[in-house]
Amino acid sequence: MKRVTSFVDHLDIRNVSVAMTLILVLLYTGDQWYLKMPIILLVSAGVVFEDVRRSSTFWLSISALLLFTALTNWYYQDNHKYLISYWCLAIFFSCLSANPQKVLAKNARLLIGLTFLFAVIWKIIAPDYINGDFFKYTFLTDQRLASAAVFIGGLELEQLEANRNARQFMADVPVPDQDIKVQSTPGVDVLAIITTWWVLIIESLVAIAFLSREQWLISYYRDVIFIVFIITTFSVAPVIGFGLVLTIMGFAQSDKEHPRTVMSYFLLFFLVQALDLPSYDILTAIGL
Amino acid sequence: MNKKVNLIHVLFVPFLLCAVAITQQILAHTKNLSPWLGGGFGMFSTVEGPGSRQVRIVLDTTRGEYIVDIPESLKDLQAAARTMPTDANLKKLAEVMLAEKWVGAVPTTNDSLGRFMTNATSMGFENIDEEMQFAKVANGDLTEQTLDVRSANVDLWQSSFNSNREAFTTKHVKSISITKYLRKPSE
């Protein structure tokens, strides 16, 4: 524990958050030519020169590039790309402030809370989430969740492959008034219901914990809840860009008075990237 | 040490997130924007992602109807039409398709039509191809006779998952048709 405390004591949380964000921006923001080249040049300058990465102009440029790309590619831009843009803009505002760490922490807390609030609202109003249909469909067709579908749901890889082919068939040229059967197992039904409610409950808790007043009891447990969310979610569904931006924001708002929390986020930054395993390919390779 | 912070520095970005997310909610409920996209954090909440929507284009030509494989250069327009299928977005896609030069095509394993033919057989739809003709962009190949296209029809389909029947189903949502020129009465 002493080692952890000593390590955390020497950490400049804002500076490390900014360095982590440079890696995030470089690796997980997009492949468009008008984004990639300027980002490579900017991030290279930011890595080499500390003054550059502390500059508000630097972060405003990165934010502008990311927001421009998100808005011009709105028809296929994932939500976490928007969140990364907002986070870079938050770093820009922290550069303008006399108290950059506090500004960054407050932005991080609000961004996490609001992201989860809107995610929960969508899950409640969507017609096929609460009844478990969405996760049943996802476990039966999404190869990113193959390991859970196979090991917990008891689905065979051949069944998953057949379901994916059926979905592709519907996507290529639609056939009206025809049922295309999918292959399922009772285990997938149970897995879908448990996952549906687990995700809804933990996302609601994250939203409440991060948006509530500091004096509320749930606010005290916000980091535990959030870390549990990150580990359980991204070990099953490795959307690494999303996992990383959440982890960095969690780290940026963590308090040195709780060194184990700071250390947990710090380690999660590496763990989340290590989760980027092609589980479907691995399962296929080992013949499951 | 306990310096005060400027409220704009703390609230501007969260306000921006809320503004985009609320706009996305409004567009999703009024313009059929996909819940998965647009910055509203509706991912992993519904089967109805953009992947569950299909945009199918049929050209009406003097040699009958042709289903087209949308070329790579027009994939962005197709994505926009699928993500937010307003009449304007579908019409724009139809107009661009109408402006292209088309030739008859045999589906290959590299295009969506070829994948469809392969999958159709494996799914038990052996007779599905009997009346179908396919077209692709001419690519300046003068040896092929270009099709005389009279109109382009853009159809939007939505596939859904019926958990009780454990099956995918597809329903037609809407169509937009753009005519190049009027047919002669004798045709």
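Everything quoted here is computed from the prediction, not taken from an experiment. All chains are named by letter (A, B, ...) in the order of the sequence lines, taking the proteins before the strands, and each is independently numbered beginning at 1.
- Listed options Leu17(B), Thr83(B), Leu11(B) were ranked by heavy-atom pairs under 4.5 angstrom with chain A; first place goes to Leu17(B).
- Across all their heavy atoms, Lys181(A) and Arg165(B) have their closest contact at NZ-O, 2.8 Å.
- Looking at every heavy atom in both residues, Ser45(B) comes nearest to Ala126(A) through O-CB, 3.2 Å.
- The two residues Lys123(A) and Met43(B) come nearest to each other via the heavy atoms NZ-O, 3.7 Å.
- Between Phe134(A) and Phe44(B), the angle of the ring planes goes over 60°, which puts this pair in the perpendicular group of the 30/60° scheme.
- With chain A as the partner, the residue from Ser160(B), Gly38(B), Ala21(B) showing the most heavy-atom pairs under 4.5 Å is Gly38(B).
- Taken to the nearest 0.5 Å, the OG1 atom of Thr170(B) stands 9.5 Å off from the CG atom of Asp179(A).
- When each of Gly39(B), Ser34(B), Gly42(B), Ser159(B) is scored by its heavy-atom pairs under 4.5 Å with chain A, the top score falls to Gly39(B).
- The two residues Asn107(A) and His9(B) have their closest heavy-atom pair at ND2-O, 2.9 Å.
- When each of Ile8(B), Leu33(B), Asn6(B), Leu16(B) is checked for heavy-atom pairs under 4.5 Å with chain A, Leu16(B) comes out on top.
- Of all heavy-atom pairs between Val13(B) and Ala90(A), the closest is CG2-N, 3.8 Å.
- Within residues 24-32 of chain B, the residues having any heavy atom less than 4.5 Å from a heavy atom of chain A are, in residue-number order, Gln24(B), Gln25(B), Ala28(B), His29(B).
- Proximity to chain B at a heavy-atom threshold of 4.5 Å picks out Trp74(A), Tyr75(A), Tyr76(A), Gln77(A), Asp78(A), Asn79(A), Tyr82(A), Leu83(A), Tyr86(A) from residues 74-88 of chain A, in numerical order.
- Closest approach of Phe161(B) and Tyr137(A) over heavy atoms only: CD2-CB, 3.6 Å.
- When heavy atoms are compared at a cutoff of 4.5 Å, Asp76(B) approaches chain A by way of both its backbone and its side chain.
- For the set Thr196(A), Asp133(A), Val199(A), Leu117(A), the count of heavy-atom pairs under 4.5 angstrom toward chain B peaks at Asp133(A).
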